[in-house]
There are 2 protein chains.
Amino acid sequence: MTRPTLEKVAARAGVSRATVSRVVNGSTTVAEHIRVAVQRAVEELGYVPNQAARSLVTQRADSIALVFSEPPVRVFSDDPTFAGIIRGVSLEADAADKQVVLMLAGSSRGHERVERYTTSGHVDGVIVASMHGADPLPAALARRGIPVVCSGRPLTGSSLPYVDIDNVGGAESAVRHLLESGRRRIATIAGPPDMVAGIDRLTGYRSTLRDSGRRSIIAIGDFTRDGGFDAMNQLLEDDPALDAVFAASDMMALGALQALRRAGRRVPDDVAVIGYDDIPSAPYADPPLTTVRQPTLRMGRELARLLLNPGESVILPTELVVRESA
Amino acid sequence: MTRPTLEKVAARAGVSRATVSRVVNGSTTVAEHIRVAVQRAVEELGYVPNQAARSLVTQRADSIALVFSEPPVRVFSDDPTFAGIIRGVSLEADAADKQVVLMLAGSSRGHERVERYTTSGHVDGVIVASMHGADPLPAALARRGIPVVCSGRPLTGSSLPYVDIDNVGGAESAVRHLLESGRRRIATIAGPPDMVAGIDRLTGYRSTLRDSGRRSIIAIGDFTRDGGFDAMNQLLEDDPALDAVFAASDMMALGALQALRRAGRRVPDDVAVIGYDDIPSAPYADPPLTTVRQPTLRMGRELARLLLNPGESVILPTELVVRESA
DNA sequence: ATGCTGGCTGAGAGCGCTCTCACGTCGGGG
DNA sequence: CCCCGACGTGAGAGCGCTCTCAGCCAGCAT
């Protein structure tokens with residue numbers, strides 16, 4: 001009942017361990033008839049290489065970790081970002097014959113666990129998908145000598161390679177759309193100021209308005225629906241005459257929609273609303289939400305590619321999806 | 001720049017490899033002053049045990065795999081099930097000092113990858129969270145001699161241990177609630193017939209109606225919003241006089257709500273609607289959705305517990321959450 | 001004094017694999 | 001005819017760790 005070893009396979013095929021190893025690893029310097037014999041033995045015995053033994057000598061694990069430095073509730077919300085990243089990373093890793101190991105490092109204990117796991121030789125590199133730009137984890141891993149790539153520009157001043165989405169540009173395109181459709185008083189519901197996405201989208205909003213000579217009307221949300229609801233109410237109070245809102249996330253936009261409805265404002269007639277992320281339920285909002293879509297799959301691919309063969313950081317463009325809310 | 005080994009630590013602390021190993025692994029038979037000295041050496045060198053070497057001799061990996069046998073898009077949808085399971089598993093694994101490795105086995109290639117990974121000694125056991133009860137993966141792993149626990153009763157007839165949620169009971173409680181509030185013509189939007197959750201919820205619906213002498217009105221959905229929308233339309237056509245719908249998932253309930261609205265039916269006045277899952281957006285539906293909540297966190301805990309110390313399969317109870325839609 | 005027990009420590013044998021060498025065994029050129 | 005290179009194979013040394021077992025030194029009973 002014990003798992004067959006190289007030795008067993010070798011004995012069965014009537015060759016040496018080394019030869020079996022060569023066959024298993026696809027070396028070309030093995031005579032055809034021997035290769036066939038070995039493969040049959042492997043098949044018959046159901047041999048699977050012991051990865052621990054292999055790693056021990058090669059010093060490679062042939063797998064990479066994809067760490068989500070967020071509480072699971074956020075990772076598994078109605079947000080396509082993570083799903084896209086995972087798919088992209090998996091695709092690229094597959095192509096390079098690497099295994100992807102997902103880890104959640106929500107708590108501080110999680111951080112420690114992840115650090116131990118990744119430094120103990122389980123993986124050849126780590127992709128940290130952290131929304132909080134000031135996360136200490138990436139730098140900590142890098143210090144340990146582990147290759148690291150960040151999803152989202154790190155706020156820690158470290159020079160780690162990263163892949164980010166053009167948040168500034170995305171916000172700009174949204175606000176410009178509002179401007180071009182004749183809106184005059186454009187408010188924003190910004191994200192948390194400790195997240196790159198929040199900061200950059202606010203920057204894009206601000207600069208675009210400034211360029212057009214209009215003033216900013218800002219409320220801070222936390223990327224959640226309730227946060228968006230509250231922020232919208234405050235915005236309405238601050239400037240009852242506003243005619244458009246750019247929310248830094250679709251969730252907040254959904255909350256804003258609700259607040260607007262409750263306040264008796266029609267969307268888009270009285271107030272235009274644009275969100276960010278293009279979550280699955282955006283098309284089903286009332287009215288269907290105009291939003292900024294991000295190339296999450298591509299982000300995942302670039303992340304993996306950057307980890308596998310180091311190079312320059314990458315910034316990906318966004319796409320404005322116009323529906324009915326603006 | 002190379003990682004320190006046991007040997008290095010031993011040399012620095014002036015003891016043997018064996019002693020360092022003892023200290024690192026928390027053996028009690030080490031003299032206090034030596035223990036302290038070794039710990040200092042470990043600290044100074046930043047020593048982290050090489051897991052490959054350790055696994056090689058212990059034949060343990062000290063980690064377990066949590067495999068999602070679904071496409072990522074489903075895993076990362078607005079569905080708290082997976083998040084709850086993951087948190088529960090993590091909690092329990094943490095307590096047992098095991099590492100949790102998440103894997104997605106959406107494609108058939110994914111299956112193969114997962115099988116290779118888990119059989120190559122990377123993990124001590126596998127939890128398969130598959131919604132498709134007929135998934136061949138669990139049995140395949142078990143055949144390989146790897147401990148396996150399934151989330152959801154397997155439909156393959158295998159006798160693998162599993163943890164499931166009382167889908168029949170959950171459906172019963174929903175239908176009974178409808179019955180008790182005076183509804184007479186209660187329809188259902190069932191889930192796909194190849195998923196245990198779909199099958200069992202339909203069973204619960206049917207038996208409850210039969211017991212009360214009423215007839216079933218059934219449409220099949222696919223657990224998606226669009227599927228729910230279509231199914232609701234068909235139901236309306238089949239029996240325009242229906243006054244209640246039990247949808248086997250909240251997503252389908254959301255679609256049904258939309259179809260009902262479009263058909264000019266008021267909820268709950270004309271038609272009562274109950275969903276299943278209690279997704280995060282259920283309270284924000286219009287009207288807020290009455291639904292069946294599942295103990296997903298506990299499910300995760302039981303799953304891990306069952307894997308770590310084998311025992312009887314477990315079935316967990318549900319809870320009816322009454323809001324305004326029914 | 002001698003023998004014994006009990007508590008700690010070190011020596012050393014592997015765990016299953018890869019990879020470097022050395023070792024045939026051919027074939028072709030000198 | 002011999003030598004040399006190319007090619008294919010096997011022997012063997014580890015990779016870094018755990019764990020058994022032997023060894024040592026006290027301390028106690030005999």
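Chain A is the first sequence line, chain B the second, and so forth, proteins listed ahead of strands; every chain is numbered from 1.
- As a whole-Å value, the separation of B:I34 CD1 from C:dG10 C1' is 11 Å.
- Rounded to a whole Å, the CZ atom of A:R22 is 21 Å from the P atom of C:dG16.
- Of the residues listed (A:L308, A:V126, A:V101), the one engaging A:I64 in a side chain to side chain contact (heavy atoms under 4.5 Å, CB included) is A:L308, and it is the only one.
- Picking from C:dG10, D:dG16, D:dT9 the nucleotide with the shortest atom distance to the side chain of A:Q59 gives D:dG16.
- Aromatic ring orientation, B:F68 versus B:F82: perpendicular (interplanar angle above 60°, classes split at 30° and 60°).
- Checked by atom type, the side-chain pair A:H122/A:S55 shows no donor-acceptor distance below 3.5 Å.
- Rounded to 10°, the helix from C:dA1-D:dT30 to C:dG30-D:dC1 has 70° between the axis fitted to its first five pairs and the one fitted to its last five.
- Under 4.0 Å is where a charged nitrogen must lie from a carboxylate oxygen, and between A:D62 and A:K98 at least one such pair does.
- Atom-to-atom, CG of B:L6 to P of C:dG12 comes out at 17 Å; the value is rounded to the nearest Å.
- Counting distance only, with no hydrogens placed and no angle test, the side-chain atoms of B:R3 and the base atoms of D:dG16 include no donor-acceptor pair under 3.5 Å.
- To the nearest angstrom, C1' of C:dG14 lies 12 Å from CG of A:L56.
- Between B:S16 and the phosphate of C:dT9, there is no side-chain N or O to OP1/OP2 separation shorter than 4.0 Å.
- Between B:E43 and B:R40 there is no salt bridge, since no side-chain nitrogen of the basic residue lies less than 4.0 Å from a carboxylate oxygen of the acidic one.
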Contacts under 3.5 angstrom, residues 11-21 of chain A side chains, donor-acceptor by atom type, not counting sequence neighbours:
residue, atom, partner, partner atom, Å
A:R12, NE, A:E44, OE1, 2.6
A:R12, NH2, A:E44, OE1, 3.0
A:S16, OG, A:A18, N, 3.4
A:S16, OG, A:T19, N, 3.4
A:S16, OG, A:T19, OG1, 3.4
A:S21, OG, A:N25, ND2, 3.4

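- Among the nucleotides D:dG14, C:dA11, D:dT18, the one closest to the side chain of A:V57 is D:dG14.
- With rounding to the nearest 0.5 angstrom, the CZ atom of A:R87 is 5.0 Å from the CG atom of A:L297.
- Of the residues in residues 42-54 of chain A, those placing a heavy atom less than 4.0 Å from an atom of DNA chain C are A:Y47, A:P49, A:N50, A:A53, A:R54, in numerical order.
- With hydrogens and angles ignored, a donor-acceptor pair under 3.5 angstrom links the side chain of A:R17 to the base of C:dT18.
- For A:R35 and D:dG8, a side-chain-to-base donor-acceptor distance below 3.5 Å is absent, hydrogens and geometry of angles not being considered.
- Looking at heavy-atom distances under 4.0 Å, A:A18 makes contact with a base.
- Annotation: the span from A:T119 atom OG1 to A:R143 atom CZ amounts to 12.5 Å, rounded to 0.5 Å.
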